[in-house]
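Below, each value reflects all heavy atoms present in this structure, side chains not excepted, and no hydrogens, waters or symmetry copies. Naming: A, B, ... by sequence-line order, numbering from 1 per chain.
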Amino acid sequence: MPLQVYNTLTRRKETFEPIDPGHVRLYVCGPTVYDFAHLGNARPVVAFDVLYRLLKRLYPRVTYVRNITDVDDKIIDASKASGEPIDSITSRTTRAYQQDMAALGALPPDVEPRATEHIAEMIRLIEMLIQRGHAYAAEGHVLFSVPSMAEYGRLSRHNREELIAGARIDVAPYKKDPADFVLWKPSTPDIPGWPSPWGRGRPGWHIECSAMSWKHLGETFDLHGGGLDLIFPHHENEIAQSRSAHGTPVMARYWMHNGFLSVNSDKMSKSLGNFFTVRELLAEAPGEALRYFLLSGHYRAPLDFTRQGLAEAKAALDRLYTPLWTPDPFLPAGAAPPAEADIPADVVDALLDDLNTPLALSRLHALASDINRSRDPVEHVRLKGRLRKGGGLLGLLQQNADAWFRAPSPGGTKLGEAEIEQKIAARNAARKARNFAEADRIRQELFQEGIVLEDRPSGNTEWRRA
RNA sequence: GGUCCGGUGGCAGAGUGGCUAUGCAGGGGACUGCAAAUCCCCGUACGUCGGUUCAAUUCCGGCCCGGACCUCCA
C-alpha cells in the first residue's frame, strides 16, 4: 500500500508520488520565537514528526526543513514591552522551543533555517517578482500584486473579490489593489532593519518561507505542512510568491494541514489566554504522555485538551510499557535466538493511510495483548521487539520500561529508591512471618506515596510509580 | 455572506454497504494471603428525516446542531 495523504490543494486523499523518489523534500512552518510554545503549537510538530519518520522508512533520503521566524513585529512588540533585547528574546525562545519539542520526542529537522540569515535570498526573490511584473515598490514598501496571478486563491478556494469583501482590516493607501500584500516594509531607526534597494527595512511575514524553502529545497518540492489557520493568508501568499518568482506551476505538490487543539471547545490560543505551554505541562506529565495524547486523535481533526485526556494517555502508555517491563522468558535450550524483530505491517499501514495515528495506536495495543497472552518464549521475545519497532515509528516506547515506571514524577513521592527497596524488604520479611497485617500496612503506606507494588510469581516484588 | 470541516456506546476515538476497532471508566469471573498486573466474558453506539439497496452507522439528498478560516494565530 502506497502512502496516501490528504492534499489541501485538491481537498482529497491522494497517493503520494515524490518528485525525486531518491530524495523527498518536506517543509513545515516553524515558530515565531517570542514566547514559549503552547501545546497547540506542538501539534503540527508531532504530527509532521510522524510523517518524517514514516518518509525516512519509505525513501532513501528525506530533507525536512522547519524554519525559525526570528524577525517579526510580534518580537519587536515583546521587546518593547519587556525591555529585553531582541537577540536575547529570539535566542532564548529558540532554545526553549528546541528543548520542548525534543521532550515531546520530535526529531530535529535536517535544516532549521533562521529568517534573519536569509535576508539576501528574500531581497533576491522580491527583485525577481518586481522584474516579472508581480510586485511593485510604493512608499518604501514592496507589495505583491495579487491581480498579477491568475490562480491566486487556489489553495484556500477564495477569490479576490470575496477576500476584499470579507477583509477585516483597512486597506493601506499605497496598495494598488486591496488584496495586495506586503513583501518588504520600511523600518524606523529604532527597530531591526536591513539595507535593500527600497531603503532600510524588514521582510513581510510570507516572503521568508518562500525564500528559505527555495534555498533549502528548491523551486518546487514535495510536501508543505502547517496549521489549518495558515492556509489563508500565509500559504496562499507563499504559493503566490514562489510560483510567480520562479514561473512554476506548483510550489509544493502536497499541502498538509493539522486541525486545532481546543480547550473546552475553544481554540487554544494566546489571545484567548486559554493555553498551556508545553513547558508547564511537562512539569505535570512525561513528554511521552503528551506526545501520545497528541497522537490519540487524527491530525486533521480537532482535538480537545483535558487533564483527563492526558491522564488517559499516560494510562495507555502504562499498558503498552507493561509487557516491555517484564523480563524476557528463558529460551528453551537449543532454541534459535529470535530473529531481528520486524516492523508491524498493520501499524505501518495505518500510518500510510494519511497518518491514521489512532488506528496505529490501537494496533500497538493489540500487539501488547498478544504479548501478554503469548506462552511461547521465542514468540514472546519476538513480539516485544515488534512492539518496540512499531512504537518507534510513532516516536513512542523507546525508553527503558524501568525508566518509564520508576522515573521520579513531578509532585510525586519524595521517597528515594533505596528507601522504597527498604520498605519492600521489610514487607517481605513480614510476609514470610505471615504477618499479613504488617505487610498490608507497608503496602498501603507506599501506596499513599504513589508507589504500587506487584508481587510476581517469581517471588520478586516490583514497584512502580502510579 | 463566501470557503471548508464535523456530529459514533458513560468518556476519548478509529472504521466499515452485511462479520460492529482500541483505550479509559463500569459489571462478572480466573489468578493472588491481600493486592497490582494479566487473561476470559459482558453492556449491542453511530444527529435527524427521506432516498438508493436484498441489506446503510457506512452511499445520495434535505434538515438540525457544532466548529474553523475569510489578511495576529499551529
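Cation-pi geometry between A:Arg406 and A:Trp463 is met: the NZ or CZ atom falls under 6.0 Å from the ring centre, inside 45° of the normal. Cation-pi contact between A:Lys13 and A:Tyr6: absent, since separation from the ring centre below 6.0 Å together with deviation from the ring axis within 45° is not met.
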Got a list of protein N/O to nucleotides 23-25 of chain B N/O distances below 3.5 Å?
{"from": "B:rG23", "atom 1": "OP1", "to": "A:Arg319", "atom 2": "NH2", "distance (Å)": "3.2"}
{"from": "B:rG23", "atom 1": "N2", "to": "A:Glu312", "atom 2": "OE1", "distance (Å)": "3.1"}

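In this structure, the CG atom of A:Leu351 is 14 Å from the P atom of B:rA14, given to the nearest Å. Atom pair A:Asp73:CG and B:rU71:C1' shows a separation of 14 Å (rounding to whole Å applied). Separating the CG atom of A:Leu228 from the P atom of B:rU3 is a distance of 17 Å, rounded to the nearest angstrom. To the nearest angstrom, P of B:rC70 lies 11 Å from CG of A:Leu230.
Taken together, the paired segments of RNA chain B that extend over three or more consecutive Watson-Crick or G-U pairs, each closer than 3.5 Å at both contacts, are B:1-7 with B:64-70, B:10-12 with B:22-24, B:26-30 with B:38-42, B:47-51 with B:59-63.
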## Note on the structure
Protein heavy-atom contacts under 4.0 Å, written 5' to 3' over nucleotides 28-36 of chain B as B (base), S (sugar-phosphate only) or - (none), form the string -----BBBB
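For A:Trp205, the listed nucleotide lying nearest its side chain is B:rC73; candidates were B:rA74, B:rG2, B:rC73. Considering only the side chain of A:His158, B:rU3 comes nearest among B:rA74, B:rU3, B:rC40. Among the nucleotides B:rA74, B:rU22, B:rC4, the one closest to the side chain of A:Met268 is B:rA74. Of all nucleotides listed (B:rU71, B:rA74, B:rU22), B:rU71 comes nearest to the side chain of A:Phe181. Residue A:Asn372 has its side chain nearest to B:rU38 when only B:rU3, B:rU38, B:rA74 are considered.
Across A:Met256 and A:Asp354, no two heavy atoms sit closer than the pair CE-OD1, 4.1 Å. When all heavy atoms of A:Leu107 and A:Arg53 are compared, the pair lying nearest together is CG-NH2, 3.5 Å.
Remark: A:Arg388 engages no residue in a salt bridge (Lys or Arg N to Asp or Glu O under 4.0 Å) (not counting sequence neighbours).
Sparse packing is recorded around NZ of A:Lys423, with 12 or fewer heavy atoms of other residues, nucleotides or ligands lying under 6.0 Å away.
Only the P atoms considered, B:rU20 is 40 Å distant from B:rU3, to the nearest whole Å.
Separation of the A:His38 and A:Phe276 ring centroids does not fall under the 6.0 Å cut-off. Residues A:His235 and A:His206 keep their aromatic ring centres 6.0 Å or farther apart.
Each side chain to side chain donor-acceptor pair (under 3.5 Å) pair with one or both residues in residues 134-147 of chain A, not counting sequence neighbours, appears once here: A:His134-A:Ser148, A:Tyr136-A:Asp180, A:His141-A:Tyr174.
Between the side chain of A:Lys74 and the base of B:rC73 there is no donor-acceptor pair of N/O atoms closer than 3.5 Å.
The side chain of A:Lys267 contributes an N or O atom lying less than 4.0 Å from OP1 or OP2 of B:rC69. For the pair A:Asn356 and B:rA14, the criterion of a side-chain N or O lying under 4.0 Å from OP1 or OP2 is not met. Contact annotation: A:Arg43 does not reach the phosphate of B:rA74 (side-chain N/O to OP1 or OP2, under 4.0 Å).
Shown for residues 234-242 of chain A: no residue has heavy atoms falling under 4.0 angstrom of RNA chain B.
Side-chain N/O atoms of A:Thr69 and A:Asn67 include a donor and acceptor closer than 3.5 Å. With no hydrogens or angles considered, a side-chain donor-acceptor pair links A:Tyr52 and A:Asp110 at under 3.5 Å.
When A:Phe181, A:Trp205, A:Trp184 are each tested for a ring-ring contact (aromatic ring centres under 6.0 Å, His included) with A:Phe144, only one passes: A:Phe181.
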